[in-house]
Amino acid sequence: MAEDLSIKHGSKQEQYENLLPQVKALLDGEPDLIANLANVAAALKEQFGWLWIGFYLVKNDELVLGPFQGPVACTRIKKGRGVCGTSWQQAKTLIVPDVEKFPGHIACSSLSKSEIVIPLFKNDIVFGVLDVDSDVLNDFDETDQSYLEKIIALINL
Ligand code: SME
């Protein structure tokens, strides 16, 4: 496919609907996980412009920074720590409307105000998380959860 993303303005849902088939085409037939995570992070950044979008991958019982878009970030996160480590531990998506109110939130950037973290599963085991940070309070809701989970499901494992 052409490597240029077609960006759409409009409602959140319209933006995701525009993005989904393009991400599918980007990932189609490519087996390399890192390449695919890198392109998913870039596509989300291009469409939505959020502060930080990236992946942490489980390695030796820690989350280790993977492909991302945005400012430099913490490299390692322990299980149960921060939003990412809690999402990993609980094996569920966490939406945090105000990061300052999340006990133990790890502030990689002082600009981050709200966050969504979605676990990546392989054979029912969490092997990583997608973390998205916004510089706007209360920026994520069930629409983001639903579409980001759909996008993650497109990644070849
Ligand atoms: N805020 C996250 C840490 C990762 S950065 O936001 C990129 C957390 O509390 O787990």
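Indexing begins at 1, ligand by ligand and atom by atom, following the structure's order. Scope of the values below: all heavy atoms of this structure, side chains included, with no hydrogens, waters or symmetry mates.
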If you look at each N/O of ligand 1, which protein N/O atoms lie under 3.5 Å away, and at what distance?
| residue | atom | partner | partner atom | Å |
| --- | --- | --- | --- | --- |
| ligand 1 | 1 (N) | His105 | NE2 | 3.3 |
| ligand 1 | 1 (N) | Ile106 | O | 2.7 |
| ligand 1 | 1 (N) | Glu115 | OE1 | 3.1 |
| ligand 1 | 1 (N) | Glu115 | OE2 | 3.1 |
| ligand 1 | 6 (O) | Asp131 | OD2 | 3.4 |
| ligand 1 | 6 (O) | Asp133 | OD1 | 3.3 |
| ligand 1 | 6 (O) | Asp133 | OD2 | 3.1 |
| ligand 1 | 9 (O) | Val83 | N | 2.9 |
| ligand 1 | 9 (O) | Ile106 | N | 2.9 |
| ligand 1 | 10 (O) | Val83 | N | 3.0 |
| ligand 1 | 10 (O) | Cys84 | N | 2.8 |

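- Within the 6.0 Å centre-distance limit, the rings of Phe140 and Trp50 are counted as a close aromatic pair.
- Using modelled atom types, one side-chain atom of Asp144 and one backbone atom of Asp141 make a donor-acceptor pair closer than 3.5 Å.
- Side-chain contact annotation: Glu14 with His9, donor-acceptor N/O pair under 3.5 Å absent.
- Rounded to the nearest 0.5 angstrom, Glu62 CD and Arg76 CZ are separated by 5.0 Å.
- Panel note: side chain Asn156, backbone Asp28; no donor-acceptor pair is recorded below 3.5 Å.
- Checked by atom type, the side-chain pair Glu149/Thr93 shows a donor-acceptor distance below 3.5 Å.
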